[in-house]
Protein chains: 2
Amino acid sequence: MKQTKSHRRDTVTVELSAVIAAASPAGPSVLTVRHSGGAPSGLPSGPLEADHRTLEAGLRSWVEEQTSQRLGHVEQLYTFGDRDRAAAGGLAARALSIGYLALVREARPADSAAASWQGWYRHFPWEDRRDGRPTAVDRLERRLVEWAAGAAGEAERRLRRDRLGATFGIGTDGWIEDRVLERYELLYEAGIVAEAARGAPAGARDPGAEGEPMVTDHRRILATAIGRLRGKIKYRPIVFELMPPAFTFLQLQRTVEGLAGVRLHKPNFRRLVAQQGLVEETGEVTPETGGRPARLLRFRPDVLRERPAPGLRLPRPRAAAPD
Amino acid sequence: MKQTKSHRRDTVTVELSAVIAAASPAGPSVLTVRHSGGAPSGLPSGPLEADHRTLEAGLRSWVEEQTSQRLGHVEQLYTFGDRDRAAAGGLAARALSIGYLALVREARPADSAAASWQGWYRHFPWEDRRDGRPTAVDRLERRLVEWAAGAAGEAERRLRRDRLGATFGIGTDGWIEDRVLERYELLYEAGIVAEAARGAPAGARDPGAEGEPMVTDHRRILATAIGRLRGKIKYRPIVFELMPPAFTFLQLQRTVEGLAGVRLHKPNFRRLVAQQGLVEETGEVTPETGGRPARLLRFRPDVLRERPAPGLRLPRPRAAAPD
DNA sequence: CCTGAAATACTCACATCGAGTATAAGGAGG
DNA sequence: CCTCCTTATACTCGATGTGAGTATTTCAGG
């Protein structure tokens, strides 16, 4: 072993940040805090302290202090620690950033003045394909294609084109909703996202940067959370962590559509949910919603004992028959 | 906000640890290092240092220093940081532990004296179901059932029974191979695993503890890695990171079986791999393996451009028809 | 009583997949 | 050269899953 190096242990601060997600049939949202006037918003967060028994306990205490929000399901997402990409300052001590995802049932109106709920697609407009591909995305994709074409060397160009295909589905057919983080990272590399210009001189800021930015790396954490949630609804019944105690089929479908950012086929969604045994009827019906009254449902926790992976597989359109 | 608390920032050290996995048709293995004579083995690891640009770069440099092994695919697994469960010492400063999974193609014979390859089921005998349920598991399951029955209060007993069902499939039908970490954590809580007795006085050590232990929380990290790998082979073609450039269907199948710890139906496995377009023939055949010579295959990287989630769905036995 | 809107129910074709069986192609031993 | 063993490879069958479309019910409001 080489023992010649300095082996200087890093002075590390650890920041715990939470993506607190709620969802309604209209769409998902995230709890944000704004520390000072003009600054971008951020996630509830705070440093790890000595009296935190576990990382999750530390996170919960910071969130309660900043937002008075009680958390239900909590899971760790990822630990970010690039030396150059942490603080806006630049050469500060390394800041590790541990991101968490928390799900809450009701988006209670955030009594703290600093905290507020935001639709999460304000920060990721390109991720919402519920009404087809937003036209604003055309501009974004054009810039991405330019970026790929502008690479030095054929090998690098090819690599970039492949990544555009795998993430945004450019050149291929498939939009894969889980790959939220990969898409955000691509935009960061391509300089299309405001956070990428943080280190650069103020004049170099890009006025056409896409989506509303957040402080430090919080948008990256949010991207991780969205991707994780989109992946996980397929094999675990966690949508129900976001639903009220009783709900209709359509409310459930709209919520899932909001999370996944795509539209689903109504009869098939019903069939899927019913066949999986994910829900049972409460016996009541809604004070209707415009048409025939809908039966109310509740989550059936026994499904966890019966099925190995009870989730909501999102349909993938069948490939057109070859000619 | 309450500002009364001491808000003492924690002094944190960060350890980077790598599960370096290789696999052959005989079974998967992991690269371990042994620091001192009688101590249990551990994973290659070292503290995060100031000159590490990224966490992954730091990990790679430690691994190369300790094992002279070049890493291919690397991914972050999880960050552990329970205050009480880190060092054997007890009240030391908090040690964050960031676990990584790395895949390597050949298990080169570990030229460093301290490093050696270990079959990973030495540490997790209960995870290998390739030849049915090992008989040693009966004992383990008996102890788990006792543990569940010994809980205080009916509610807690019920909770424990449910967990036994969801992890080990006791009382239900399903063994879900991904849930490696959940199973290990359950054994830890039940005190069936040697690491659980670390804090306890030496006399309380359990001679019947299951599986070969590792230093600090390294077996927990290994459990995370196995679980992640088992989950991921289903939707990403990462087995091929472990295969040699050319291989036969059966070699591929045996490797997957080793990772997943289950046996697969041969014709169906062939069909799956072929239909997905995961491989192409090299045109050559093996200097046989006992019977008819087999065609050699190679991974077909184009599949990444074509299929959204090219993996190897492991079959789940069809439920017996109701009588 | 008609209309619109949503809820609910049903159909159909096709792909997938678990399970089993049959045939081909080598080597070893007589 | 024939037999037998072993593995590779090919094919079949039936059940289930699922994408897509259509039909029917049930409410509100005019």
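Reminder, nothing fancy here: chain letters follow the sequence lines and each chain counts from 1.
Between the CZ atom of A:Phe247 and the P atom of C:dA7 there is a distance of 14 Å, given to the nearest Å. In this structure, the CZ atom of B:Phe269 is 13 Å from the P atom of D:dT9, given to the nearest Å. Rounding to whole angstrom units, NZ of residue B:Lys266 and C1' of D:dC11 are separated by 15 Å. Between the CG atom of A:Leu252 and the P atom of C:dT8 there is a distance of 13 Å, rounded to whole Å. Separating the CZ atom of B:Arg295 from the C1' atom of C:dA24 is a distance of 11 Å, rounded to the nearest angstrom. Straight-line distance from the CZ atom of B:Arg270 to the C1' atom of D:dT12: 16 Å, rounded to whole Å. Rounding to whole angstrom units, CD of residue B:Glu281 and P of D:dA8 are separated by 14 Å.
B:Arg129 pairs by the side chain to side chain contact (heavy atoms under 4.5 Å, CB included) definition with B:Arg133, B:Val137, B:Glu141, B:Trp175, not counting sequence neighbours. In this structure A:Arg122 satisfies the salt bridge (charged side-chain N to carboxylate O under 4.0 Å, His left out) test together with A:Glu212, sequence neighbours excluded. Listed by chain and number, the residues in a ring-ring contact (aromatic ring centres under 6.0 Å, His included) with A:Tyr235 amount to none (sequence neighbours excluded).
With hydrogens and angles left out, the side chain of A:Arg271 and the base of D:dG17 share no donor-acceptor pair within 3.5 Å.
The side chain of A:Leu272 approaches D:dT18 more closely than any other nucleotide in the set C:dT8, D:dT18, D:dA8.
Residue pairs meeting the side-chain hydrogen bond (donor to acceptor under 3.5 Å, both in side chains) criterion with at least one member in residues 238-253 of chain B, sequence neighbours excluded: B:Gln253-B:Glu257.
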Show me the donor-acceptor pairs, under 3.5 Å and distance only, between side chains in residues 290-299 of chain A and residues at least two apart or in other chains.
from     : atom 1 : to       : atom 2 : distance (Å)
A:Arg295 : NE     : A:Glu281 : OE2    : 3.4
A:Arg298 : NH1    : A:Glu280 : OE2    : 3.1

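Taking 4.5 Å as the limit, some side-chain heavy atom of B:Arg163 sits within range of a side-chain heavy atom of B:Leu186.
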Encode nucleotides 21-30 of chain D as B, S and - characters from 5' to 3', where the letter depends on protein heavy atoms closer than 4.0 Å: B to the base, S only to sugar-phosphate, - to neither. BB--BBBS--
